[in-house]
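This is the structure I want to talk about, given as C-alpha cells.
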There are 2 protein chains.
Amino acid sequence: MTAIRTARERAREELTREIKLEARRQLASEGAQRLSLRAVARELGMASSAIYRYYPSRDELLTALIVDAYTDLADTADAALAAAPTTPRARWRALCTAVRGWALAHPHEYALVYGTPVPGYRAPQETIEPAARLPLALIAVAREGRPDTPAQDTPAPPAPAGPLGEQLARLRAELAPDLPEAVLARAAIAWTQLFGMIGFELFGHLAGSFDPADAFFAHAVEEMADLVGLPAEV
Amino acid sequence: MTAIRTARERAREELTREIKLEARRQLASEGAQRLSLRAVARELGMASSAIYRYYPSRDELLTALIVDAYTDLADTADAALAAAPTTPRARWRALCTAVRGWALAHPHEYALVYGTPVPGYRAPQETIEPAARLPLALIAVAREGRPDTPAQDTPAPPAPAGPLGEQLARLRAELAPDLPEAVLARAAIAWTQLFGMIGFELFGHLAGSFDPADAFFAHAVEEMADLVGLPAEV
DNA sequence: CCGGAGTCAAGAGCAGTGCTCTCGTTTCAG
DNA sequence: CTGAAACGAGAGCACTGCTCTTGACTCCGG
C-alpha cells in the first residue's frame, strides 16, 4: 500500500525498525528501567542525538515497544487458540497457559505492559486496541462455553444492578450480546485473576507459597473456567 | 529496650528516620522512579554524599520504604478488620475494601510493592514477613467463614493432588490446619484476583471497561467470598 | 542539470542522576 | 586527653535524556 519511494524514505523506515529492534533487545535483557537511548545509539553506531530523528523521546520508543508487546502477546494467544482442541475448556486452558508462557518467556515485556506504568504516562490510543485483544479472546472462549439452550439445572445468577449493570450492559452490547451479564462479569474477574496470578508469580510474590507455580496456575485456570461456566470435560 | 546512649547515636537514629520520611514524601508525590537521593539530600539541606552514611544505596532506601509500605497496608487492613462487623462476609468485604482504599490513597507505594520490581532486586528477608501479613489476614477471615460442622449440602471439593497438593498441605499445616486444602487454594486464588484487580484499576487497564471500578470491585469481592465459601448474609 | 529546501548525523553542551573518594571536623571511648 | 571512629561537605566520575548548532547530504521542481 504505502510504497517506499525514495532511498531516504527506505533508509528511514529501516532505521526506525532497527532502533526499535535494538531497543527491544535491551528491554528483554535489561528491563525497561535500564533501557537507554544512548546505549541503543551506541550499539547501532550512531550519535545519541540521531535517535531523536526517529523517536521524539524515550517514552515514545517505549510506547512502540508496548504496542509490540501487546501485539506479540495477543498473537501468541491467538496461535495457541488456533492449535487448541475444540472443547471450550481446553481452549480456555490453552489460552491461559499461552499467556503465562509468554509472560515467563518475556518477563520484561510483560512488566512493561502490565507492571508499574511510568508516573506521567498516559496510554495513547494506539495501545488500547492491541491491549484489548487478549480480554476479547477470553470473552470469545467464554462465549463458546455457553450452552446452546439455557441450562435449567444451574440457573443463571442474577444480573448485577446499579452502575455495574450499566457497564456490563454496554460491554455486552458491544462485544458479547449472547453472554449473560453475570457471566461477563465473571469473565472479567477471571481476567483480573489471570493477570494478577501471573504478575505475582513473575514478581516473586508466590515465592514463599507456590514456588513452582505451575500446579497452582493450572488449578486456578480450572477454577476460573468453572466460574465462567465452561462445561467440565467428560 | 535499646536505649540511645550517645548524642551521636540519637542524631543518627533521627536522621535515618528523617531521610526515610522525606524519601517517602517524594515517593508519594513523584513515584519510585523519580525518587532521587540528591533531591532528598537537597530537601534536608545536606550533601548528597552524606545520605550514604545512613543508607548504603538507593535500593536500600527503597527497601526500607517497601517494608514500611507493606506494614502500613497490613496495619490499615488490621484496623479495618477490627472495626468490621462479626460476620465473615462482612469482614471479608471490609478487608478487601481496605486494601483497595489503601492502594487508591497510596498509588505509588502500592506500585512500589506490587508493581514491577527493579530488575536486579531480590526481596530481602525483612520484607517477606510484613508482606505475608495481608494474605494471612485473608486466610484468617476465610477460616472464620468455615462452618462449625462440615456442611453436607455443598460437599467440599476434592483436595488437589500432585505438587499443588503438597504445597497446600505444607501451607495448611503451617497456618490453617482447619481449612480444607481446596478452600485454601481458593483463598489463594481470591488473593491473586484481589491484587490483580486493584493493579488493573490503578494502572489504567480497566479504563475502557469498568472505569469507575467501585461497583465491579464490590461485585468481585462478593464472588470471591462465594468462592472461598463464606456464608451469604441473611 | 542545478540550486534551494528539507532531512539528516554528529558533536558539544545542559541539567540531572547514583555513587566514590578525599579531607578536614566532630564525637566518642579507653 | 588522645587516638580512633564516625561524620559532613565537596569534588569528581560515568552515566542518563534531551537540545542546539553546524555542516553535509538528498530530493524535487524549474
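Order of the sequence lines sets the chain letters (A, B, ...), proteins ahead of strands, with each chain counted from 1. These values consider heavy atoms only, across backbone and side chains, with no hydrogens, waters or symmetry-generated copies.
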**Prompt:** Can you check whether A:A220's main-chain N or O pairs, donor with acceptor, with B:R186's side chain at less than 3.5 Å?
**Reply:** no
**Asked** Can you tell me if the side-chain N/O atoms of B:Y54 get under 4.0 Å from OP1 or OP2 in D:dG8?
**Response** yes
**Asked** Quick check: does any side chain N or O of B:H106 sit under 3.5 Å from a backbone N or O of B:W102, one acting as donor and the other as acceptor?
**Response** yes
**Request:** Quickly, which of A:F210, A:F200, A:F216 forms a ring-ring contact (aromatic ring centres under 6.0 Å, His included) with B:W191? Name it, please.
**Result:** A:F200
**Complete:** For nucleotides 19-24 of chain D, 5' to 3', base contacts (B), sugar-phosphate-only contacts (S) and non-contacts (-) with protein non-hydrogen atoms under 4.0 Å give BB----
**Message:** Without decimals, in angstroms, what is the distance between A:E9 CD and D:dC27 P?
**Reply:** 9 Å
**Request:** Please determine if A:R17 and A:E14 form a salt bridge, counting it only when a charged side-chain N lies under 4.0 Å from a carboxylate O.
**Result:** no
**Prompt:** Want to settle it: does A:A47 or A:R38 sit nearer the 5' end of DNA chain C, counting the closest nucleotide to each?
**Reply:** A:A47
**Asked** What nucleic acid atoms does A:L15 come within less than 4.0 Å of, heavy atoms only: base, sugar-phosphate, or nothing?
**Response** sugar-phosphate
**Request:** Enumerate the residue pairs fulfilling side-chain hydrogen bond (donor to acceptor under 3.5 Å, both in side chains) with a member in residues 125-139 of chain B, sequence neighbours excluded, ordered by first and then second residue.
**Result:** B:D75-B:R133, B:D78-B:R133
**Asked** Please give, in whole Å, the distance from D:dG8 C1' to B:L44 CG?
**Response** 13 Å
**Request:** Report the distance from atom CZ of B:R34 to atom P of D:dG17, rounded to the nearest whole Å.
**Result:** 14 Å
**Fill in**
Taken in chain and number order and not counting sequence neighbours, the residues that satisfy salt bridge (Lys or Arg N to Asp or Glu O under 4.0 Å) with A:R143 are A:D178
**Item:** Pair A:R25 + A:E43, salt bridge at N-O below 4.0 Å
**Value:** no
**Prompt:** For B:R12 and D:dA5, what is the distance between atoms CZ and P respectively, to the nearest whole Å?
**Reply:** 16 Å
**Prompt:** Got a sec, which residues hit side-chain hydrogen bond (donor to acceptor under 3.5 Å, both in side chains) with B:R93, two or more places apart in sequence or on another chain?
**Reply:** B:E222, B:E233
**Complete:** Contact span of DNA chain C against chain A, any nucleotide atom under 4.0 Å from a heavy atom, 5' to 3', runs C:dG6 to C:dG13
**Message:** What's B:L35 touching, base or sugar-phosphate or nothing? Going by heavy atoms closer than 4.0 Å.
**Reply:** sugar-phosphate
**Request:** Check every strand shown and say whether A:Y55 touches a base, only sugar-phosphate, or nothing at a heavy-atom separation below 4.0 Å.
**Result:** nothing
**Prompt:** To the nearest angstrom, how far is A:I51 atom CD1 from D:dG17 atom P?
**Reply:** 10 Å
**Request:** For A:R10 and D:dC27, give me the distance from atom CZ to atom P, rounded to whole Å.
**Result:** 11 Å
**Prompt:** Considering heavy-atom distances to DNA chain D, does B:A50 or A:A39 have its closest nucleotide positioned more toward the 5' end?
**Reply:** B:A50
**Prompt:** Which pairs count as ring-ring contact (aromatic ring centres under 6.0 Å, His included) when at least one residue sits in residues 29-84 of chain B, sequence neighbours excluded?
**Reply:** B:Y70-B:Y114
